[in-house]
Amino acid sequence: MSGEAALHYTLHVNGSDRDVADAWPGESLLYVLRERLGLPGTKNACDQGECGSCTVLADGLPVCSCMMLAAAAVGRDIVTVEGLGTDGELTDVQQAFVDHGAVQCGFCTPGLIVAADHLLSVNPAPTELEIREAISGNLCRCTGYGRVIAAIAAAAEDRSAVRG
Amino acid sequence: MSVRVAESLEEVCDLLAANPSASLLAGGTDFMVEVNYSGRRPASVIAIDRVPELSGWRRHNGSIEMGAALTYAEMEHPLFAAYVPALAQAARTVGSPQIRNAGTLGGNLATASPAGDTLPPLAALDARITVCSVRGTRELRLDELIVGPKQNTLAADEVIRSVTVPVIDGPQEFLKVGTRNAMVISVATVALVLDRARRSVRLALGSVAPVPVRATEAEEWIADAADWDSPEPPAGDVLARFGELAAAAASPIDDHRSTSAYRRHAVAVMARRALTRVLS
Ligand SMILES: Cc1cc2nc3c(=O)[nH]c(=O)nc-3n(C[C@H](O)[C@H](O)[C@H](O)COP(=O)(O)OP(=O)(O)OC[C@H]3O[C@@H](n4cnc5c(N)ncnc54)[C@H](O)[C@@H]3O)c2cc1C
Ligand code: FES
Ligand code: FES
């Protein structure tokens, strides 16, 4: 990108400050996460806000990271799928996806996990309609959604059983 | 290209005055599509998504003032929906939860797409739009701000600050036709506002003309034709005429999303349905 000033800025991702150096100013948060910060869990399938595979939390809300200018995300609290659990262990939502066969090619899965995790954090006992609504911005071309919905419902039930 | 995250409205206006070619960035849901796909390469960007003066909404005596950076998710909130139901319903149909968490009212207005879903409710409510710059503020009607497809009348150094709509006693409806339920750009929309005190109906149409339009003939006709004291839904012939007049106000085109004939038909159906809902 000749003639354009490279930027240097700091993003707050998964609890730590991450420096981004020599970046082209037009880079999306999705690009920066994957290509500069070594966080490839967040996927790119459309780059235009349609598929939800790039879903991350920004200040606690699910958004499409492909629709966020990375350099304008300075100061926001960003959480990616990598930041939802502890390294090497599956979260309860991820385990439920495995148990219910909600993963086929897996490309949509990280975005769905982030969306589902957020749903359960704000609505511990969602109805099926609420689950469908919460994942309505996440496209999956393999599963037909049935198993995804079952997995999220099961994760909600397990959480409420733990709470007692 | 430089990127500044603005912290106050004054800073936004100063930055724009110093560099009127700078682009404003709110939720990014129109802007980033252009960067990612259409090679948009703005020289400098002013992010306004966290400017306090542009955020949230406030109730004044008889009106609601919305900051330009109000998101769709915030418009869906039940407290907001109680005051401006048509706008809340429109917000609810936009994109997906992810898009609604980011996309803003000001971005929808500035983009000025014929399919912008907040525009028909704002047209029906006779919204006043406040824009400002270092030169001062001015107040615009929607038809003064949006003058053609993707054409707004903002000067290069101006920013949309807020939008004010009256709180009107009576039910409101927003209806949208698209090819599916989620994540869909409108093929046709209607926003209908019933004003109980004035015994009048306001009807605006979206996606069926270069800019949002008011169906004034339909409005004037129904004000006389409606039986305002009856709890019953309007009779079939009244509904049919209302639908016809609504469709006549549309000037739709054929495009990749639909045909003009279908759009006109959809307007008539939605106008009848919205009227039935608010009058029964
Ligand atoms: C997947 C997807 C689905 C969508 N679905 C819908 C839909 O169903 N209905 C619909 O209407 N739209 C839809 N959109 C379009 C978009 O989300 C809306 O138009 C949204 O309101 C844009 O707001 P934003 O804050 O994201 O704007 P941005 O992308 O940040 O900005 C858009 C333009 O407005 C200018 N701007 C922003 N704020 C201001 C301001 N305060 N003053 C002056 N100029 C300003 C910017 O400079 C830019 O040119 C969709 C977009 C995507 C990607
Ligand atoms: S890659 Fe962002 S929504 Fe598809
Ligand atoms: S599992 Fe393949 S896209 Fe969802």
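Every chain is numbered from 1, with letters handed out A, B, ... down the list of sequences. In this text, all values refer to a predicted model and were calculated from it rather than measured experimentally.
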Only pairs of heavy atoms separated by less than 4.5 Å count here; which of [options] has the most with chain B?
{"options": "S28(A), A115(A), G52(A), A72(A)", "result": "A72(A)"}
{"options": "L69(A), V74(A), I135(A), T55(A)", "result": "L69(A)"}
{"options": "L139(A), L61(A), N138(A)", "result": "L61(A)"}

[atom1] of [X]: more than 12 outside heavy atoms within 6.0 angstrom?
{"X": "Q104(A)", "atom1": "CD", "result": "yes"}
{"X": "R141(A)", "atom1": "CZ", "result": "no"}
{"X": "R147(A)", "atom1": "CZ", "result": "no"}
{"X": "R59(B)", "atom1": "CZ", "result": "no"}
{"X": "D22(A)", "atom1": "CG", "result": "no"}

Could you check if a side-chain atom of P62(A) sits within less than 4.5 angstrom of a side-chain atom of N101(B), using non-hydrogen atoms only? yes

Evaluate the salt bridge (Lys or Arg N to Asp or Glu O under 4.0 Å) criterion for residues R76(A) and D49(B): first the C-alpha distance (whole Å), next the side-chain angles of each, then the deciding distance (0.1 Å), finally the verdict. CA-CA 11 Å; R76(A) 288 214 186 265; D49(B) 55 334; 2.7 Å; yes

If you round to the nearest 0.5 Å, how far is OG of S136(A) from CZ of R180(B)?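 Here the interatomic distance stands at 8.5 Å.
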
Give the minimum heavy-atom separation between [X] and [Y], together with the two atoms involved.
{"X": "V63(A)", "Y": "A102(B)", "value": "CG1-CB, 4.4 Å"}
{"X": "E50(A)", "Y": "M183(B)", "value": "O-CE, 3.1 Å"}
{"X": "A134(A)", "Y": "P97(B)", "value": "O-CG, 4.1 Å"}
{"X": "Q98(B)", "Y": "C64(A)", "value": "CB-SG, 3.6 Å"}

Chain A interface, residue from R50(B), R100(B), R4(B) that has the most non-hydrogen pairs under 4.5 Å: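 So the answer, after comparing R50(B), R100(B), R4(B), is R50(B).
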
Show me the pairs that pass salt bridge (Lys or Arg N to Asp or Glu O under 4.0 Å) and involve residues 116-125 of chain A, at least two apart or across chains. D117(A)-R159(A)

Just to be sure I understand the criterion: a residue of residues 18-36 of chain B counts if one of its heavy atoms is under 4.5 Å from a heavy atom of chain A. Which ones qualify?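 Expected list: L25(B), G27(B), G28(B), T29(B), M32(B), V33(B), V35(B), N36(B).
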
Could you tell me which portion of A73(A) (side chain, backbone, both or neither) has an atom closer than 4.5 angstrom to a non-hydrogen atom of chain B? backbone

